[in-house]
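Report on the structure given below.
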Amino acid sequence: MENQEFADIFWQVAEFLELKEDNPFKIRAYRKAAQAIESLPHNLEDIYAKGGFNALKEISGIGQHLAEKIEEKIKTGKVAVHEKLAKDFPAGFIELAEVQGMGPKTALLLYKKLKIDSLAKLEKAAKSGQLSKLPGFGAKKADNILRGIELKKKSHGRFLLDDATAHAELLCEDLGRLKEVKQLLVCGSLRRGKETVGDLDLLVVSARPEKVMDHFSKLAAVSQVLAKGRTKSSVILKNGMQADLRVVEERAFGSAAHYFTGSKDHNIRIRQLAQKKGWKVSEYGLFKGKKQLAGRTEADLYKKMGYDYIPPELRENRGEFAAAAAGNLPRLVELKDIKGDLHMHSTASDGANSIEEMAQAAKKLGYEYIAITDHTESTRIAHGLTEKEVLKHIQKIKAANRKVKGIEILAGSEVDIKPDGSMDYSDEVLAQLDIVLAAVHSRFKMPKQEMTERVIKALENKYVNILVHPTGRLLNEREAYEIDMEAVLQAAKKHKKMIEINAHPRRLDLTDINCMRARELGIRLAISTDAHSTDQLELMKYGVITARRGWLEKKDVANTLPLAQLKKLL
DNA sequence: GCCGTTTTCGGCCCGACTGTTTTCAGTCG
């Protein structure tokens, strides 16, 4: 059972309890627990199997009662409280409460008064003017709800990091032209480098907020204005993404950046910590009574609170406060530490550029080395190379290596792990390669146990160096295959294998949370782009930010090593 | 429902914008 299944139940119970107007702090406890479960590096079932009921209770945010519910779910497959609550509400209820502009209270009211239990009924009622007749409703509110329904219909969900980055840059360029804008910072989950981004959060310092708001709401990229106030506006962009703008004075820039960067859990935590000192943290600063103690910079804020500066990527309330208090924060790996790229394709399989073109492009990025790692026979769709072909290909790579000066080109291959766990090339062929990547490209729907054994068998092969895109997920497209990641990581540790962080924004695989676990186990990671063209080599930054979210330091990442040491490692 | 070198009971993060029930509840971040 995946952790997400437990978290979803708690999220839903919270929603139901809110609809029932239950104790708001109980609701919060359910949400906190759901959040905690989602950030857990270990599988809940495994935790229970190893440490029993008490191990569950040790998880922060899980107490006696929620631990009982987790145990119940493991033993019976369901949670009675959840089932019972779900019966009290029509199936489409949670969906209704999720419509922007609606909320649980409004959803409850509409269900009681008009028996609205689906999006279709809601839309009909809003269009017919039925809604405006209710007490507390007017024409504007009905319009708002219609807009919310439209938005939900065409919503893409979350956006990939590269896409979100590109849109943020365009907005900044536009906003930056305004002379009233003194400082500009993209905050939110994009700044934290989260694998996908829900909306863009922009922070501006200006003495003329109304000017900035006017300009922002009229930008070419804006399709709808959701809200426009003196210091805060929200718009929907033409690509369907929401963008929020906040304007503050310079003296509050740091605390506003901190507030707007999040995460929500990190913010709540710092506010609680301030409270214990008798202080208060908000977007306007750190206050003792009316006196501002800090706020101009984020660094001041942390320092005054007694913490080292916490980089945005770590702000997920996953132990960063304890580490920052003790001076134990990791020195996170940086893009400039990267000395090479160990996973890319050429025209020999499904890449767009030749070996030499890839090498030249990598050289421009300042790399010392790259590995050309084309596909193998079984991946026919990508024109994988047969054993005979790859032996010739190795010679071509070596020739290119002699020809292109100033960068080492390693002869590699992204070798299929066949369904039985054997490699697509014989050991004799694998032995000829400088570097061997192992990857699953077929039979994604295998049962978890089989898939785990399949991958572990590949890790037992002495020629394999790196397990690449270890879960096979494609964000917004394809779920990860079922695999016992803890067992895979243990096997990687045992056989001294590396694990890839695939930097492509569609993959970002290994995930941040599993990176944290790999680091704990002392496994070496490799950040690679899996580039299929020269321009994709620049996707490295997304892999680095994922590594940073996983608390990784330079020493944890193989391709920060100089060539000689890397070769020794291989 | 969780949690505790101020508490096993009594707290639980902080503020902006909207619409409308003219003083605030609901929603959102």
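Source: prediction; values computed, not measured. Only heavy atoms go into these numbers, but all of them, side chains included; no hydrogens, no water, no symmetry mates. By convention in this document, chain letters (A, B, ...) are assigned in the order of the sequence lines, proteins followed by strands, and residues within each chain are numbered from 1.
Taking the P atom of each, B/dG26 and B/dT21 are spaced 14 Å apart, rounded to whole Å. For B/dT23 and B/dC28, the P atoms lie 25 Å apart once the distance is rounded to whole Å. Using atom C1' as the reference point in both B/dT27 and B/dT20, the two lie 15 Å apart (nearest Å). For B/dT18 and B/dG11, the P atoms lie 35 Å apart once the distance is rounded to whole Å. One P atom belongs to B/dT5, the other to B/dG1, and the distance between them is 23 Å to the nearest Å.
Listed pair A/Gln242 / B/dC28 fails the phosphate criterion, with no side-chain N or O lying under 4.0 Å from OP1 or OP2. Not one side-chain nitrogen or oxygen of A/Lys32 sits closer than 4.0 Å to the OP1 or OP2 atom of B/dC12. Contact annotation: A/Ser234 side-chain N/O to B/dC17 OP1/OP2 distance is not under 4.0 Å. In this model, the phosphate group of B/dG1 is approached by a side-chain N or O of A/Lys69 to a distance below 4.0 Å at OP1 or OP2. In this model, the phosphate group of B/dC3 is not approached by any side-chain N or O of A/Gln64 to a distance below 4.0 Å at OP1 or OP2. Dashed line: the shortest gap from a side-chain N or O of A/Thr231 to OP1 or OP2 of B/dG15 is not under 4.0 Å.
Inspection of the A/Ser263 and A/Arg315 side chains reveals no N or O donor paired with an N or O acceptor under 3.5 Å. A donor and an acceptor atom, one from each side chain of A/Glu38 and A/Trp11, are located under 3.5 Å apart.
The residue A/Ile270 sits apart from the nucleic acid: no heavy atom pair falls under 4.0 Å. Base contact: A/Tyr259 has a heavy atom under 4.0 Å from a base atom. Among the heavy atoms of the strands lying under 4.0 Å from A/Arg246 are primed sugar atoms or P, OP1, OP2 only; no base atom is included. The residue A/Ser233 sits apart from the nucleic acid: no heavy atom pair falls under 4.0 Å. Contact annotation for A/Val99: backbone-only contact, meaning every heavy-atom pair under 4.0 Å involves sugar-phosphate atoms and none involves a base. Within 4.0 Å of A/Gly262, counting heavy atoms only, lies no atom of the nucleic acid at all. Within the nucleic acid shown, A/Ser60 comes within 4.0 Å of sugar-phosphate atoms alone, with no base atom in reach, counting heavy atoms only.
Nearest-nucleotide assignment on DNA chain B puts the 5′-proximal partner with A/Asn267, out of A/Asn267 and A/Asn144.
Ion pairing of A/Glu83 with A/Lys87 is absent here, as no side-chain N (NZ or NE/NH1/NH2) approaches a carboxylate O to less than 4.0 Å. Ion pair A/Lys121/A/Asp117 flagged as a salt bridge, since at least one NZ, NE, NH1 or NH2 atom sits closer than 4.0 Å to an Asp/Glu carboxylate oxygen.
Counting atom types as modelled, A/Asp199 pairs no side-chain N or O with a base atom of B/dG29 as donor and acceptor under 3.5 Å.
With sequence neighbours excluded, the residues that form a ring pair (Phe, Tyr, Trp, His ring centres under 6.0 Å) with A/Phe10 are A/Tyr30.
With a cut-off of 3.5 Å on both pairing distances, the Watson-Crick or G-U wobble partner of B/dC2 is B/dG11.
Nearest nucleotide to the A/Lys140 side chain, out of B/dG29, B/dG19, B/dC2: B/dG19.
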